[in-house]
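Let me begin by presenting the structure, written as structure tokens, before commenting on it.
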Amino acid sequence: MITVENLTKSYGKKRAVDDLSFTVRSGAVTGFLGPNGSGKSTTMRCMVGLDSPNNGHALFDGVEYSKLSAPLSKVGSLLDGKAFHPGRSARQHLTIVAQTHGIPQSRVDEVLTITGIDSVAKKKLKGFSLGMGQRLGIAVALLGDPEVLILDEPVNGLDPDGVRWVRQLMRNFAAEGRTVLVSSHLMSEMALTADDLVIIGRGKLIASGPIRDFTETASNRKIKVAGPDALAIENVLRTANVTYLMNQPAEHYPTGYLEISGSDRMSIGHLLYENNVEIHELTETYSSLEDVFMELTDDDVDYRVDTKPNYTQMGN
Ligand SMILES: Nc1ncnc2c1ncn2[C@@H]1O[C@H](COP(=O)(O)OP(=O)(O)O)[C@@H](O)[C@H]1O
Ligand SMILES: [Mg+2]
């Protein structure tokens with residue numbers, strides 16, 4: 001278990017991480033989400049002692065990283081901006097890390113195989129692609145067979161195969177009862193990988209908890225309703241004080257369709273039945289994690305392209 005308590009880190013006047021507290025449980029993959037520049041990498045660097053916080057700390061089962069007796073067998077990390085010596089090979093790089101941490105050479109061969117770079121282990125690192133560099137970074141993280149993995153945007157630069165491989169690696173790791181904290185600015189990736197989420201914006205905690213708490217909640221539920229006469233449906237909803245959005249006519253919806261929040265399928269179906277309004281569609285959907293994230297971090301993004309649909313009319 002990781003406990004981050006009141007972590008604060010400023011660069012000059014810029015507060016990159018602002019009184020951040022959260023916990024990461026073992027046996028699960030925890031997604032660490034936030035827009036670019038929200039402080040994810042800074043937090044992770046502070047956690048493993050590569051940056052010193054102005055206040056607060058991160059504890060691994062109650063112990064600070066700098067006080068761990070064998071840090072690489074407790075915490076393995078892949079952080080961004082890692083620098084490899086371009087003239088060395090992957091095997092040489094791993095061997096140096098292994099030797100300085102009392103890790104046997106046999107483990108070097110193991111992690112080269114696990115990460116799928118054994119065939120290029122003797123190639124100079126300057127010839128490595130971004131994806132191969134990521135795999136080597138993960139190999140370093142795995143070297144000490146750690147209980148905790150901290151991965152900063154590990155799928156950056158990986159091809160679809162590589163992305164699936166990292167996802168599976170993290171899932172297996174968690175299934176063994178170990179702890180995984182993985183950062184991303186890609187919600188879609190986290191939806192497939194994470195059990196829990198920690199969401200930050202401008203260095204501050206926005207929300208945290210099990211991933212389903214972010215999607216399958218009543219407040220994220222939307223009912224879509226359509227019929228031969230959308231205006232008739234609208235009249236009933238307005239009279240019943242139901243919050244809705246009226247969408248303009250579109251393909252398959254010649255008179256438009258309506259989206260309702262704060263209600264459920266049965267109530268809406270029954271309401272329209274009582275009012276003798278014919279419907280051809282009544283469906284329930286939940287916002288995607290992407291949408292939830294956009295809403296949560298709306299005020300915390302410096303710039304973005306607005307992709308929200310334009311609604312023609314708003315009930316209540
Ligand atoms: N070494 C540094 N010196 C100055 N500012 C930094 C440094 N590292 C990060 N920052 C700033 O801190 C903020 C958070 O950055 P970062 O932790 O990299 O965010 P993220 O990883 O979420 O994209 C950004 O505004 C960034 O410009
Ligand atoms: Mg980052």
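Just so you know, these numbers use all the heavy atoms, side chains as well, and skip hydrogens, waters and symmetry mates. Indexing begins at 1, ligand by ligand and atom by atom, following the structure's order. Treat the numbers as computed from the prediction; the structure is a model and nothing was measured.
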Pull up every protein N/O/S atom sitting under 2.8 Å from the Mg ion (ligand 2), skipping waters. Ser41 OG
Among all the protein's non-hydrogen atoms, which is closest to atom 23 (O) of ligand 1, and how far away is it? Gly37 N, 2.7 Å
Under 4.0 Å from one or more heavy atoms of Arg45, ligand 1 contributes atoms 8 (N)
Give me the residue, atom name and distance of the protein heavy atom closest to atom 18 (O) of ligand 1. Ser41 CB, 3.8 Å
For Phe32 and Phe22, I'd like to know if the aromatic rings sit close, meaning centre-to-centre distance below 6.0 Å. yes
May I ask you to decide if Glu153's main-chain N or O and Gln134's side chain share a donor-acceptor pair within less than 3.5 Å? yes
Nearest heavy-atom pair of Phe84 and Leu125: which atoms, and what distance? CB-CD1, 3.6 Å
Within 4.0 Å of some non-hydrogen atom of Ser38, the atoms of ligand 1 are 19 (O), 20 (P), 22 (O)
Where ligand 1 meets Asn36 - atom numbers and elements under 4.0 angstrom, heavy-atom basis: 23 (O)
Report yes if some heavy atom in the side chain of Trp165 is under 4.5 Å from a heavy atom in the side chain of Pro160; otherwise report no. no
Looking at Arg91 and Asp109, does any basic side-chain N land under 4.0 Å from a carboxylate oxygen? yes
Do Val182 and Pro154 make a side-chain contact, defined as non-hydrogen atoms from C-beta onward lying under 4.5 Å apart? yes
Enumerate the atoms of ligand 1 whose separation from the nearest heavy atom of Pro35 is less than 4.0 angstrom. 22 (O)
Could you check whether Lys222 makes a cation-pi contact with Tyr286, meaning its NZ or CZ is under 6.0 Å from the centre of the six-membered ring and within 45° of the ring axis? no
Per-atom filter on ligand 1: closer than 4.0 angstrom to a heavy atom of Lys14 are 25 (O)
Would you say the side chain of Ile211 lies within less than 4.5 Å of the side chain of Asp196, judging by non-hydrogen atoms? no
Could you tell me the residue and atom name of the protein heavy atom closest to atom 17 (O) of ligand 1, and the distance to it rounded to 0.1 Å? Thr42 OG1, 2.5 Å
In Å and rounded to the nearest 0.5 Å, what is the NZ to NE2 distance from Lys126 to His85? 9.5 Å
Close side-chain approach of Leu272 to Ile233, heavy-atom, < 4.5 Å: yes
Return the closest protein heavy atom for atom 7 (C) of ligand 1 as residue, atom name and distance. Tyr11 CE1, 3.3 Å
Mind checking whether Val148 and Ile150 have side chains closer than 4.5 Å, heavy atoms only? yes
So for ligand 1, is Gly39 a polar contact partner (N or O within less than 3.5 Å, distance only)? yes
Among Gln248, Lys224, His280, side-chain hydrogen bond (donor to acceptor under 3.5 Å, both in side chains) partner for Tyr253: Lys224
The protein heavy atom nearest to atom 12 (O) of ligand 1 is Ala16 CB, 3.2 Å
Could you check whether atom 26 (C) of ligand 1 has a protein contact, counting only heavy atoms that fall below 4.0 angstrom? no
